[in-house]
Colleague: 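Okay, here's the structure, questions in a sec.
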Amino acid sequence: MKNLIYKIAISAGAQKVWEIMLAPDTYQEWVNAAWPGSFYEGRWAEGENLRFIGKDGSGTLALLESYKPYTYISARHIAILQSGGIEDRESDIAKGWIGTTENYMFKDESGVTMLTVELIINPEWEKMFNEGWPKALARLKEICETGS
């Protein structure tokens, strides 16, 4: 597994960044900067499962292992989703994805939020994340700071 870290300073309080990052409409807006057509289904709460779905209907299923409002989220991927939402835990692709973790840390420093995204992934996904996360975080920053 490989550890990737992405950081961005956003001129907005942690609560605002958190709410914009997770609200369904604004989530789609910032994540689509990197992964067009992506959205999620489910509830952001500890112990809940979230479905992260792409424009073709495939995606991933993650368990929220930790959810501390305005400070920290940790999600562990437990399956991939085939088109139509069918959960896959057995294919080689699924086995290479299961266990991927995403951690989000929000640190408010006098109205500027340092957002850190830490991923623990199979190295084969590194290029996709290195290309996507900087674009997605730049768009999140833009939405948080300008409202558009």
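Keep in mind that the numbers below use all heavy atoms, side chains included, and drop hydrogens, waters and symmetry copies.
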Colleague: Is the CD atom of E109 crowded by more than 12 outside heavy atoms at less than 6.0 Å?
Modeller: yes

Colleague: Taking all non-hydrogen atoms of both residues into account, name the closest pair between W35 and S38 and its distance.
Modeller: O-OG, 2.8 Å

Colleague: Taking the side chain as C-beta and beyond, is there a heavy-atom pair between V112 and I10 under 4.5 Å?
Modeller: no

Colleague: Scan side-chain atoms only and decide if T113 and D108 contain a donor-acceptor pair under the 3.5 Å cut-off.
Modeller: no

Colleague: Which heavy-atom pair separates L50 from R43 by the least distance, and what is that distance?
Modeller: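 Residues L50 and R43, closest heavy atoms: CD2-N, 3.5 Å.
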
Colleague: So do the side chains of M105 and L115 get within less than 4.5 Å of each other, counting heavy atoms only?
Modeller: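 Result no, sub-4.5 Å side-chain heavy-atom pair not found.
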
Colleague: Answer yes or no: is there an ion pair linking K135 with E131, defined by an N-O contact shorter than 4.0 Å?
Modeller: no

Colleague: Give the minimum heavy-atom separation between I8 and L137, together with the two atoms involved.
Modeller: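 I8 and L137 have their closest heavy atoms at CD1-O, 3.4 Å.
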
Colleague: Scan V117, V17, L22 and name whichever one has a side chain to side chain contact (heavy atoms under 4.5 Å, CB included) with Y104.
Modeller: V117

Colleague: Answer whether the closest heavy-atom distance between the side chains of E29 and D25 falls below 4.5 Å.
Modeller: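 Sidechains of D25 and E29: no contact.
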
Colleague: Taking side chain as C-beta onward, heavy atoms only, is L4 less than 4.5 Å from K2?
Modeller: yes

Colleague: Rounded at 0.5 Å granularity, tell me how far CG in N3 sits from CG in L119.
Modeller: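 If we round to the nearest 0.5 Å, N3:CG and L119:CG are 8.0 Å apart.
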
Colleague: Please determine whether the number of non-hydrogen atoms from other residues, nucleotides or ligands lying under 6.0 Å from atom CD1 of I120 exceeds 12.
Modeller: yes

Colleague: If you look at every heavy atom in D88 and E90, which pair is closest and at what distance?
Modeller: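 That would be OD1-N, 2.9 Å.
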
Colleague: Can you name the closest pair of heavy atoms from E142 and T146 and give their distance?
Modeller: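 Shortest heavy-atom contact: O-OG1, 2.6 Å.
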
Colleague: Hey, could you give me the CG/NZ distance between N122 and K95, rounded to the nearest 0.5 Å?
Modeller: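 The NZ atom of K95 is 13.5 Å from CG of N122, to the nearest 0.5 Å.
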
Colleague: Contact between W30 and M21 at the side-chain level, heavy atoms closer than 4.5 Å - yes or no?
Modeller: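 Yes, at least one pair of side-chain atoms sits under 4.5 Å.
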
Colleague: May I ask you to say whether K16 pairs ionically with E145, meaning some side-chain N is under 4.0 Å from a carboxylate O?
Modeller: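 No, K16 and E145 are not salt-bridged.
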
Colleague: Would you check if there is a donor-acceptor pair between the side chains of N130 and Y6 at a distance under 3.5 Å?
Modeller: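 There is such a pair between these side chains.
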
Colleague: Look up atom CD1 in I98 and atom CZ in R76, then write down how far apart they are to the nearest 0.5 Å.
Modeller: 9.5 Å

Colleague: Between T60 and H77, is there a side-chain heavy-atom distance shorter than 4.5 Å?
Modeller: yes

Colleague: What's the separation between atom CD in E65 and atom CD1 in I78, rounded to the nearest 0.5 Å?
Modeller: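 Between atom CD of E65 and atom CD1 of I78 there are 9.0 Å.
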
Colleague: Just wondering, do Y70 and E19 contact through their side chains at under 4.5 Å, heavy atoms?
Modeller: yes

Colleague: Let me know which of Y67, W44, Y27 forms a ring pair (Phe, Tyr, Trp, His ring centres under 6.0 Å) with W18.
Modeller: Y67

Colleague: Same cluster or not: are L61 and I80 linked, directly or through other Ile, Leu, Val, Met, Phe, Trp or Tyr residues, by side-chain heavy atoms under 4.5 angstrom apart?
Modeller: no

Colleague: What's the separation between atom NZ in K7 and atom CD in E118, rounded to the nearest 0.5 Å?
Modeller: 9.5 Å

Colleague: Rounded to the nearest 0.5 Å, what's the gap from CD on E87 to CZ on R89? Could you check?
Modeller: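 With rounding to 0.5 Å, CD (E87) is 4.5 Å from CZ (R89).
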
Colleague: How far apart are the closest heavy atoms of A79 and W97, and which atoms are they?
Modeller: O-CD1, 4.1 Å

Colleague: Do N103 and S66 have side chains that approach each other closer than 4.5 Å (heavy atoms only, starting at C-beta)?
Modeller: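 Of all side-chain heavy-atom pairs linking S66 with N103, none is under 4.5 Å.
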
